[in-house]
Engineer: 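Attaching a single structure in structure tokens format; questions to follow.
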Amino acid sequence: MQRSFSTPCFFLPPDTHVQMDSGHPFEVVGGLGCCLQMKQIIKEVVKALECGVEPIAASGGLGGAYYFRNCRGESVAVVKPTDEEPFAPNNPKGFVGKTLGQPGLKRAVRVGETGVREVAAYLLDHDNFARVPSTVLVKVSHPIFHVNSDVDVHKGSSKPSAVAKLASCQQFVPHDYDASDHGTSRFSVSSVHRIGILDVRIFNTDRHAGNILIKRSKALDNQVTWGHSNLYVTDTLELIPIDHGLCLPEALEDTYFEWLHWPQASVPFTEEELEYISKLDAMKDADMLRAHLPMLRESCHRMLILSTTVLKKAAEAGLCLAEIGEMMTRDQIEERSELELLCIQAKSELSGADDDNDSLSDLSLGEGNEELFEQFEFELLENDEGDELDSREDLTVPILTLPDKKHWSFTPKIDFCKTSSQEQNSLLERSLKSLVLPENESVPCSNVVFNKKLGTPKKVVNPSKITSPRFVGQAHLMKSPRRKPLYYSPEKKLSKPVSETPIYENSALGSVADRSPRIMPYRSASLSHHKQRYGVHPDHYGRPDASKGVPLTPAPKLQGNPCNNKTQSQFSLGEMSYEEWMLFMTVFEELLEKALAMKCSQKASHRQRLGTSCQF
Ligand SMILES: Nc1ncnc2c1ncn2[C@@H]1O[C@H](COP(=O)(O)OP(=O)(O)OP(=O)(O)O)[C@@H](O)[C@H]1O
């Protein structure tokens, strides 16, 4: 196996027995204990390979994926090599540039570590409640796998060599389309709830419509009209969730739940769903993952515990799926979700920090994946001759044409601004962002005037009409991989007119100043009690530093990104010591309960989320 570049150096605890390099084309290295169905599928695939039925490369997705087939030529398994993920060295679709272990598409999920998460999601889907297809982690070799020329050790040899890779291997689910090709109104409430419950539990950061496959089947429906019983053949739609590589991040991330605004998500949970949720045991689940996937990091277990706690408490308090999803989702990428604010508050109450920012730690998985796209000067108008511009209020910036809009988003960074205050600078950053995100290329002029105070575009002006501009600063436009939501759901945020882009939106949870007094007595709480509730000591697994977020593998040096300001830092669970983690969870639970109680009382005084005409 190409360990140096293309194979993640997963840490395996000393007592783990994993058979490697037996010469078999497919070897299961994680998750098989729970998945006998995959054993059968793998057998079929191996037989087909011996008969010369070759796999086919999938065209969809940003990473490398291959359909392996049975002897009849039917696809039965989807294999996704970990070194072909987006940004990994052997990505076949041009999304390269990182080494394994660096932050990937999501900063808190390292490149090369999505495969193990795919398996974790399957293992966590008890009773196949959400219908996650069977998934295992395999070592597999085949010449079809992609090796980029700068990584290829067999470069120059005439015949393609079989490259052994670590990959997730998932049962192929025959389907008709995915949720992006279909209106959502005919999805059943229960199928949406099942997927949503899973997404919340595993803190899925990437539930876009393309990750929900749809299978149509015919069913007989008996409808009684005017006393007559009529049988109808109706189409039922089964939703199958796939692609869970970006779940269980190491730090709180920006989530994306496609179902968040579907009406089904606002329908209250049924008794059956509430019972399923109440029976979830995150401690047991974390232990199960430790046993079956020892390469999954401790911070991922903590994320599971945190988000399962949120799901259980919120469902118990009477919140619906959409309300829970909203708590976990950021309104704007640079803002914090309610869940993040709660975590910050819990941590600052433990540490006694006065400033919430002090208690934040940047996950610092290395340099951010941004690059300089364009650098330009901006101007502050000194007077308003001819254009009725208010020099104290307005500034003007050039309109930019954005190339390659599909895969990149743009973030302005202000380097310096001689005359403006820090507050104005941050407003300017936001203003510029609201300008570039809507991708409005049809503005017929090259400059736009912003209202500095509100950060909203005021009018477009012809540059020749602007008089006496005074140079005050320099802005950098950084390009970074586009967030999925913007790419897959353009109607969701991009369709907002520029002027509607909110600048400051306060969380319902209130400001830092509102928070309750410090809860120091928790420090003396019984450790054994916490141990029972929030997990065994990491030492138990022979990984002394795991709880401190120290990489278990020789990952690249972790550094803060100088481009990241505080608002972009992430709340990391892995950086807490074991004791801090236990105390944190106790405080967090208490704050969560208070916040939920507040939400419920607010909800009681507000109108219902759904109109009474909305039926499924
Ligand atoms: N279990 C499955 N059954 C059938 N088709 C699948 C399955 N898993 C993935 N696919 C298909 O394989 C292709 C690539 O899969 P997937 O979307 O998981 O890859 P990815 O590179 O992780 O994608 P993304 O860009 O969404 O992160 C998609 O077209 C998807 O529909």
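Each ligand, and each atom within it, is numbered from 1 in the order the structure gives. What you see is a predicted model; the values in this text were computed from it and never measured.
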Engineer: Does one side chain, of Glu85 or Thr114, offer a donor that lies under 3.5 Å from an acceptor on the other?
Structural biologist: yes

Engineer: So for atom NZ, which belongs to Lys43, do other residues, nucleotides or ligands contribute more than 12 heavy atoms lying within a distance under 6.0 Å?
Structural biologist: no

Engineer: Need the ligand 1 atom indices (1-based, order shown) with element for anything under 4.0 Å from a heavy-atom of Gly63.
Structural biologist: 21 (O)

Engineer: If you round to the nearest 0.5 Å, how far is CG of Asp178 from CG of Asp176?
Structural biologist: 11.0 Å

Engineer: For ligand 1, which part of Thr114 has a heavy atom less than 4.0 Å away: the side chain, the backbone, both, or neither?
Structural biologist: neither

Engineer: Which label fits Trp259 and Phe257: parallel for a plane angle under 30°, tilted from 30 to 60°, or perpendicular past 60°?
Structural biologist: parallel

Engineer: Output the list of atoms in ligand 1 that are nearer than 4.0 Å to some heavy atom of His175, sorted by atom number.
Structural biologist: 4 (C), 5 (N)

Engineer: Could you check if a side-chain atom of Phe203 sits within less than 4.5 angstrom of a side-chain atom of Cys247, using non-hydrogen atoms only?
Structural biologist: no

Engineer: Are any of the N/O atoms on Val173, whether in the backbone or the side chain, positioned under 3.5 angstrom from an N/O atom of ligand 1?
Structural biologist: yes

Engineer: I want to know if ligand 1 touches Leu62 in the polar sense, i.e. an N/O pair below 3.5 angstrom.
Structural biologist: yes

Engineer: Where's the contact between Asn211 and ligand 1, heavy-atom distance under 4.0 Å: side chain, backbone, both or neither?
Structural biologist: side chain

Engineer: Please lay out, stage by stage, how His193 and Phe269 fare under the test ring pair (Phe, Tyr, Trp, His ring centres under 6.0 Å).
Structural biologist: CA-CA 8 Å; His193 281 195; Phe269 289 124; 5.3 Å; yes

Engineer: Under a 4.0 angstrom heavy-atom cut-off, which atoms of ligand 1 come close to Gln170?
Structural biologist: 1 (N), 2 (C), 8 (N)

Engineer: Number the atoms of ligand 1 from 1 as they appear, then name those within less than 4.0 Å of a heavy atom of Lys80, with their elements.
Structural biologist: 16 (P), 18 (O), 19 (O), 20 (P), 22 (O)

Engineer: In ligand 1, which numbered atoms sit nearer than 4.0 Å to a non-hydrogen atom of His208?
Structural biologist: 26 (O)

Engineer: Checking Arg216 against His175: is there a side-chain donor and acceptor pair closer than 3.5 Å?
Structural biologist: no

Engineer: Only heavy atoms of Asp243, strictly under 4.0 Å: list the atoms of ligand 1 that pass.
Structural biologist: 16 (P), 17 (O), 18 (O), 20 (P), 22 (O), 23 (O), 24 (P), 26 (O), 27 (O)

Engineer: Does the N or O separation between Ile242 and ligand 1 drop below 3.5 Å for any pair?
Structural biologist: no

Engineer: Over 60° means perpendicular and under 30° means parallel, so tell me whether Phe129 and Tyr276 are parallel, tilted or perpendicular.
Structural biologist: parallel

Engineer: Tell me whether Glu85 reaches ligand 1 (any heavy atom closer than 4.0 angstrom to a ligand atom).
Structural biologist: no

Engineer: Is it the case that ligand 1 has an N or O less than 3.5 angstrom from some N or O of Glu118?
Structural biologist: no

Engineer: Given ring pair (Phe, Tyr, Trp, His ring centres under 6.0 Å), test Phe68 with Phe26 step by step and report yes or no.
Structural biologist: CA-CA 11 Å; Phe68 277 73; Phe26 261 92; 5.4 Å; yes

